[in-house]
Amino acid sequence: MANKNEVRLQKFMAEQGVASRRKSEELIAAGKVKVNGHPAEIGMKINPYKDLVTVRGEKITFIKKRKMVYIMLHKPRGYVTTVSDERGRKTVMDLIPDIRERVYPVGRLDRDSEGLLILTNDGSFANCMTHPSHEYTKKYRVTVRPDVTDEALDNLRHGIEIDGKKTAPAEVTILTKEEGRVVLEFILHEGRNREIRKMCESQGLEVARLKRTAIGSLKLGMLPQGQYRELSEQEVKKLLRSAGHKEN
């Protein structure tokens, strides 16, 4: 008979604020997670009350009732979107030193990109926001060089094959245009790694600047670069609804 206290390891890690479920699975697969001193496996179940889980040798303390934290950060360029970096690069965690709870990024922004990033310690929320079946929009302001042709715009809007898979249709509009420089707005419904950069490169466009300005109903607004704020309960509920989550 199954133990009612047992939970899948990656779910436990996400709920304890270690990383998202997907990132937790990557950590397990990379051999960085142990259960009772033995290498962990993806999908294995643990009893948080009895089993000792370590990540990179650090014990994960089980806290049954934790304060849920939801943060929006205006990420600057030059920071990697991860909890820690083995190469010693600056991470987004360096920008929130006074947050006492263990939080992690929801989704990603590459090192050279900037803008809106959400961090949380709520595993269910993170899973809902990143799960492929929960479609929600992300808006970006993208500066490209040198110029955008009508054909390139049409290709960007209808989808481009990248790494053997065609991108989903995107909304792409010109915001401003001057000699050798165009500012575009992209609205995407999927979140593949470096998708916009690869799309633009396929059309001979150099991305000079890439900034995420909105995720679902949440807008970056006037939040200063490098600063963060906590989301309100209403903002969290709106985000969940925009991701297709139905409230009980």
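Keep in mind that the numbers below use all heavy atoms, side chains included, and drop hydrogens, waters and symmetry copies.
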Side chains of [X] and [Y]: does their closest heavy-atom pair fall under 4.5 Å?
X: T120; Y: M68; result: no
X: L52; Y: N36; result: yes
X: K211; Y: H74; result: yes
X: S20; Y: N127; result: no
X: V18; Y: V53; result: no
X: M13; Y: I60; result: no
X: M93; Y: I96; result: yes

Q.
Between K23 and E26, does the salt bridge (Lys or Arg N to Asp or Glu O under 4.0 Å) criterion hold? Intermediate values first, please.
A. CA-CA 5 Å; K23 182 63 178 177; E26 291 176 7; 3.5 Å; yes
Q: Give the ring-plane orientation class for Y70 versus F125, where under 30° counts as parallel, over 60° as perpendicular and anything between as tilted.
A: perpendicular
Honestly curious: do [X] and [Y] fall in one hydrophobic cluster under the side-chain, below-4.5 Å linking rule?
X: V33; Y: I42; value: yes
X: V7; Y: L27; value: yes
X: L175; Y: L156; value: no
X: I99; Y: V92; value: yes
X: I187; Y: L210; value: no

Q. Which residue pairs pass the salt bridge (charged side-chain N to carboxylate O under 4.0 Å, His left out) test with at least one member in residues 162-179, sequence neighbours excluded?
A. D147-K177, D163-K198, E178-R181
Of the non-hydrogen atoms in [X] and [Y], which two are nearest, and what is the gap between them?
X: T82; Y: T91; answer: O-CB, 3.3 Å
X: P146; Y: V182; answer: O-CG2, 4.2 Å
X: C128; Y: L240; answer: SG-CD2, 3.9 Å
X: V207; Y: C200; answer: CG2-CB, 3.7 Å
X: A19; Y: S24; answer: O-OG, 3.4 Å
X: A40; Y: L9; answer: CB-CD2, 3.4 Å

Return yes if some donor-acceptor pair links the side-chain N/O of [X] with the main-chain N/O of [Y] below 3.5 Å, else return no.
X: T137; Y: H189; result: no
X: T167; Y: I160; result: yes
X: Q10; Y: G43; result: yes
X: N121; Y: K67; result: yes
X: T130; Y: G107; result: no

Q. Can you list the steps and then say if D112 with R197 is a salt bridge (Lys or Arg N to Asp or Glu O under 4.0 Å)?
A. CA-CA 10 Å; D112 296 324; R197 292 184 184 277; 5.2 Å; no
(Q) Please determine whether the number of non-hydrogen atoms from other residues, nucleotides or ligands lying under 6.0 Å from atom CZ of R56 exceeds 12. (A) yes
Q) In terms of heavy-atom contacts, does CZ of R102 have more than 12 from other residues, nucleotides or ligands at under 6.0 Å? A) yes
Q: Inspect the contact between K138 and E195 and indicate whether a charged nitrogen and a carboxylate oxygen are less than 4.0 angstrom apart.
A: no
Could you state the interatomic distance from [atom1] ([X]) to [atom2] ([Y]), rounded to the nearest 0.5 Å?
X: I196; Y: E201; atom1: CD1; atom2: CD; result: 12.0 Å
X: E6; Y: K11; atom1: CD; atom2: NZ; result: 13.0 Å
X: H38; Y: D51; atom1: NE2; atom2: CG; result: 10.5 Å
X: E206; Y: T143; atom1: CD; atom2: OG1; result: 11.0 Å
X: I118; Y: Y228; atom1: CD1; atom2: OH; result: 16.0 Å
X: I215; Y: K139; atom1: CD1; atom2: NZ; result: 12.5 Å

Q) Pick from V148, D154, T149: which one makes a side chain to side chain contact (heavy atoms under 4.5 Å, CB included) with E151? A) T149
**Q.** Sole candidate of Q225, R212, K75 that passes side chain to side chain donor-acceptor pair (under 3.5 Å) when paired with E114
**A.** Q225
Q. What do the steps show when you test D94 against K90 for salt bridge (Lys or Arg N to Asp or Glu O under 4.0 Å), and what is the final call?
A. CA-CA 7 Å; D94 296 326; K90 295 182 293 185; over 6 Å; no
Q | Working for salt bridge (Lys or Arg N to Asp or Glu O under 4.0 Å), residues E25 and R21 | A | CA-CA 6 Å; E25 290 177 353; R21 289 192 202 181; over 6 Å; no
